Amino acid sequence: MLSFIARRIGTILLTMLCLTLVVFFLVNLEPNLKKLAISQTEMHTPPEQLESWLVNHGYRQNFFVRYGHWLGVLKMEPMVDPATGKPSQRFSFCNDPVEPAYSGVLQGNFGCSTKFKTTVAAKLFPALRATGILMFWVLVVMVPVSLLIGILAGMREGSRTDRILSVASIATTATPEYVSGVIFTVIFASWLGWLNGSAASAAQGITFYNFTLPVITLAIYGIGYIARMTRASMVEVMTQQYIRTARLKGLSFSSVVMKHALRNALIAPFTVIMLQFPWLLTGVVIVETMFRYQGFGYTLVEAAGNNDIDLLLGCSLVSVFIVLITQLISDVGYAYLNPRIRVQ
Amino acid sequence: MQIEYIGAFNIIVGVLVQFWPVWLAQAIVLGASFAYKKRLGLYGQLFDSSVGIAGVVICLFWLFTAIFASTVAPFDPLAQIPVMKDALPGAIEPASKGVFLFGGDKLARDIFSRMVYGSQIVLIIAPAATGFALMVGITLGLPAGYYGGKIDTVLSFLANLVLAFPVILLFYLLVTPGIMDTPIPYGMAGLFFLFPIIFFCTLFWTRYKNRPDRLYLLLGLTLVLGGWIYIGLVFDADPLRIVHIDPNQLNIFVAVVFASSPGVFRIVRGLTMDIKTRDYVAAAQTRGETPWYIMLWEILPNARGPLIVDACLRIGYTTILLGTLGYFGLGLAPESPDWGTAIKDASRLLRSFIHPALPPTIALMSFVLGLNLLADSLREQSMKD
């Protein structure tokens with residue numbers, strides 16, 4: 001088991017290395033660097049000055065050398081100010097070392113955000129915290145509701161409850177966040193006026209009024225999927241011999257479901273819930289943009305829109321890490337919950 | 001100037017009347033399907049359940065809407081008629097006396113016509129991109145599952161690499177105006193569009209290699225047709241000017257294929273690993289068939305059930321992805337009538353007007369719902385066999 005986890009963590013690290021290299025390559029394409037230079041200098045700057053801005057800020061060094069700097073395996077030389085000839089910081093708004101030093105992700109320095117004029121860490125971690133709060137409430141809503149729907153539907157396969165709940169869960173999986181968000185806003189904010197169509201004020205304090213719409217919008221897309229998986233698992237368990245035995249012993253239907261079926265039926269949904277995180281990540285980006293909630297998704301959109309290289313790399317590192325770590329947890333957890341499956 | 005309106009009942013009747021070619025085509029197809037239900041195999045069995053019928057009806061509705069878009073839509077989707085800015089549903093356009101059935105948007109265009117034309121974009125890109133993703137996934141998934149070993153390790157690692165990318169980040173990196181100046185989209189298109197040609201050539205080669213008369217005809221046909229479309233799509237140099245794709249559409253297309261082929265790869269790989277243990281595969285191996293013959297003519301036909309279901313779901317998912325691209329304003333032109341762009345434009349004005357938001361959202365939702373119902377019913381029918 002331990003060697004399995006160790007091997008998986010090795011794969012995760014390798015994957016992260018490859019992916020950050022790909023992202024690094026894509027954000028450093030010539031048109032993207034031009035875009036960055038144009039957005040960082042004043043309007044109508046002549047091309048030569050754009051070029052010199054790129055040179056002065058170190059964007060013209062060798063690609064792999066810069067990747068090494070970012071990663072922290074190569075020593076970062078400070079920029080030399082052309083006017084004074086003294087070593088200077090790359091950006092005045094974040095504390096790059098003025099002596100040559102290893103200063104990259106491995107040392108805990110995520111770099112500078114050119115868009116927000118601060119360090120990446122100062123921007124990224126509060127945003128992650130905000131998204132964490134959102135995710136917490138989404139899971140609080142999504143998991144019990146979807147499990148309940150799945151169990152009710154799968155308890156008696158083919159019954160009317162099953163049909164209705166199945167079609168309802170198919171319908172929610174056909175409704176992406178930007179569709180359900182619009183529909184909910186129309187109904188609850190524009191028409192009934194019960195809820196706020198913007199979550200911008202949630203940064204000061206979360207209330208039912210400003211936080212419900214983003215939470216249900218995010219939850220609803222996942223509910224259908226998890227409910228269907230729970231249903232399938234429940235249907236399978238209900239046809240097992242031990243359930244029939246329990247019924248024939250004379251136990252009531254409800255106690256068979258509660259005591260015998262439920263525990264075995266909940267193993268598969270656990271994996272599915274874990275694997276929902278990558279999907280939720282895309283949903284978070286949509287919902288945070290739509291409801292103007294300043295979290296991770298909003299930061300990612302801003303970073304990508306302005307080609308904020310270090311911030312975008314930080315965002316991709318975080319999201320890839322989340323995707324891979326949830327995969328690992330789901331595999332390990334599955335083996336742990338289901339004694340019939342043992343990892344080789 | 002005072003704009004006149006028609007009532008709610010007249011709007012509903014007007015919409016139903018506008019869709020007349022769709023109803024007609026649907027009546028013909030459904031009538032024929034019911035009449036010959038017994039002979040149509042899996043497709044005919046769909047008509048045994050109400051879920052299946054609902055799925056077929058919704059999918060056919062959007063298919064015919066896309067085909068007959070120019071007849072169904074009363075106005076040009078891009079034409080702006082200033083007096084109709086933010087007009088409410090049922091407003092009568094003064095010049096032509098035509099009705100803006102679902103009202104006008106903030107740029108004074110007819111929402112109904114835009115919704116109808118939006119279906120064209122979705123129904124061309126989503127199935128085509130899914131088709132290409134299937135080709136890529138099958139061509140790589142079969143050997144990975146069949147041979148296992150190093151090929152499998154390398155290909156699976158690459159697939160997991162792409163799958164570990166959150167889709168939205170992938171799109172922000174791959175679908176930008178800047179990337180069109182670099183050779184990346186064209187290189188990727190050149191790579192992906194090669195797969196169907198390779199696939200069909202191997203398919204025919206393995207089957208007919210001892211019957212040259214058939215083989216050369218089929219190979220020639222594949223190479224000519226495939227090469228023609230390939231040149232048209234990748235280099236935009238079709239000598240007859242029929243096959244053509246805008247650079248930004250090519251960019252979207254490539255990104256969507258890139259994002260969804262690893263999923264197909266995983267499914268095909270899993271199915272292959274399962275099917276290769278069956279007796280008929282062992283029989284073919286004993287007969288001395290080549291590995292590629294076994295993969296393409298023994299394993300693939302037996303994996304078709306789950307693959308058809310997955311293709312249905314995947315077209316729906318690709319539709320959602322296209323909507324996401326439109327919602328973030330990536331790739332598609334800002335005035336494009338596709339549903340995602342329409343939802344983006346409308347959702348910013350929800351406080352003042354809600355009517356521009358509803359038609360594209362409901363259109364997108366119903367189409368994906370139809371595909372999901374279809375997939376669900378196909379799965380149930382294929383499990384009965």
Side-chain angles (χ1 to χ4, degrees), chain A residues 11-12 14-16 18-19 22-23 26-27 29-35 163 166-167 170-171 173-183 185-186 189-191 197-198 224 228 278-279 281-286 289-290 297 300-301 303-305 307 312 315-316 319-324 327, chain B residues 50-51 54 157-158 160-169 171-174 176-182 184 313 316-317 319-321 323-324 326-330 339-340 343-344 346-348 350-355 357-358 360-362 364-373 375-376:
Chain A
T11 320
I12 288 179
L14 184 63
T15 313
M16 282 168 89
C18 292
L19 282 180
V22 172
V23 176
L26 286 171
V27 290
L29 288 172
E30 190 53 35
N32 286 341
L33 284 181
K34 281 250 164 60
K35 193 166 98 181
R163 294 251 171 83
S166 293
V167 171
I170 296 180
T173 49
T175 319
E177 291 86 357
Y178 52 90
V179 167
S180 49
V182 167
I183 292 176
T185 314
V186 167
S190 303
W191 185 36
S198 154
R228 284 180 67 67
W279 299 89
L281 220 55
T282 304
V284 158
V285 178
I286 297 172
T289 316
M290 180 175 258
L300 196 153
V301 170
N307 202 45
L312 197 54
C315 285
S316 19
S319 46
V320 169
F321 180 74
I322 292 173
V323 171
L324 295 172
Q327 272 174 12
Chain B
S50 52
V51 171
F157 180 74
L158 288 178
N160 288 337
L161 209 62
V162 180
L163 286 173
F165 251 119
V167 187
I168 194 77
L169 184 66
F171 282 161
Y172 258 112
L173 292 171
L174 282 181
T176 54
I179 205 163
M180 316 263 266
D181 304 339
T182 66
I184 293 174
L313 288 174
Y317 180 59
T319 308
I320 292 180
L321 283 188
T324 313
Y327 186 76
F328 285 105
L330 296 168
W339 299 334
I343 294 172
K344 172 192 72 178
S347 69
R348 296 198 178 139
L350 275 184
R351 275 168 200 275
S352 34
F353 296 102
I354 58 171
H355 68 271
L358 293 178
T361 48
I362 291 168
L364 194 140
M365 204 171 117
S366 68
F367 179 54
V368 181
L369 179 66
L371 284 164
N372 284 8
L373 291 176
D376 197 59

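Since this is a predicted model, take the numbers as computed values, not measurements. In the text below, chain A, chain B and the rest are named by the order of the sequence lines, each starting its count at 1.
- With a threshold of 4.5 angstrom between heavy atoms, A:Val179 approaches chain B through its backbone and through its side chain.
- In terms of heavy atoms, A:Val285 sits closest to B:Phe328 at CG1-CZ, 3.7 Å.
- The residue among B:Thr324, B:Leu163, B:Ile343, B:Val162 with the most heavy atom pairs within less than 4.5 Å of chain A is B:Thr324.
- Neither the backbone nor the side chain of B:Phe367 comes within contact range of chain A; no heavy atoms are under 4.5 Å apart.
- Between B:Phe165 and A:Val323, the closest side-chain pair of non-hydrogen atoms is not below 4.5 Å.
- Neither the backbone nor the side chain of B:Ser366 comes within contact range of chain A; no heavy atoms are under 4.5 Å apart.
- If you tally non-hydrogen atom pairs under 4.5 Å between each of A:Gln327, A:Met16, A:Arg228 and chain B, the highest count goes to A:Arg228.
- Residues B:Leu169 and A:Cys315 have side chains not in contact (no heavy-atom distance under 4.5 Å, counting atoms from C-beta outward).
- Chain A forms the most heavy-atom pairs under 4.5 Å with one residue out of B:Ala357, B:Ser347, B:Gly323, and that residue is B:Gly323.
- The shortest non-hydrogen separation linking B:Ile320 to A:Pro176 is CG2-CB, 3.5 Å.
- In terms of heavy-atom pairs under 4.5 angstrom with chain A, the leader among B:Pro166, B:Gly316, B:Gly340 is B:Pro166.
- Comparing A:Leu281, A:Val167, A:Leu312, A:Thr282 by how many heavy-atom pairs each has under 4.5 Å with chain B, the most go to A:Thr282.
- With chain A as partner, the option from B:Leu161, B:Leu373, B:Ile168 having the largest number of non-hydrogen pairs under 4.5 angstrom is B:Leu161.
- For the atom pair CG of B:Leu364 and OG1 of A:Thr175, the computed distance is 9.0 Å after rounding to the nearest 0.5 Å.
- The side chain to side chain donor-acceptor pair (under 3.5 Å) test applied to B:Ser50 returns no partner, not counting sequence neighbours.
- Note on A:Asn307, A:Val27, A:Ile286, A:Leu324: by heavy-atom pairs under 4.5 Å with chain B, the leading option is A:Ile286.
- For the side-chain contact (heavy atoms from CB on, under 4.5 Å) test, residues two or more places apart in sequence or in another chain that qualify with A:Leu26 are A:Val22, A:Leu29, B:Leu173, B:Leu174, B:Ile179, B:Ile184.
- In plain terms, the two heavy atoms of B:Tyr172 and A:Val301 that are nearest each other are OH-CG1, 3.4 Å.
- With chain B as the partner, the residue from A:Ile170, A:Val320, A:Thr289 showing the most heavy-atom pairs under 4.5 Å is A:Ile170.
- In this structure, the side chains of A:Cys18 and B:Phe157 come closer than 4.5 Å at one or more pairs of heavy atoms.
- By number of non-hydrogen pairs under 4.5 angstrom with chain A, the leading residue of B:Val51, B:Leu313, B:Leu330, B:Thr361 is B:Thr361.
- Of the atoms belonging to A:Thr173, heavy atoms from both backbone and side chain fall under 4.5 Å from chain B.
- Looking only at heavy-atom pairs under 4.5 Å with chain A, the residue among B:Asn160, B:Thr182, B:Asp376 that has the most is B:Asp376.
- Looking at A:Leu300, the atoms closer than 4.5 Å to chain B (heavy atoms on both sides) all sit in the side chain, from C-beta outward.
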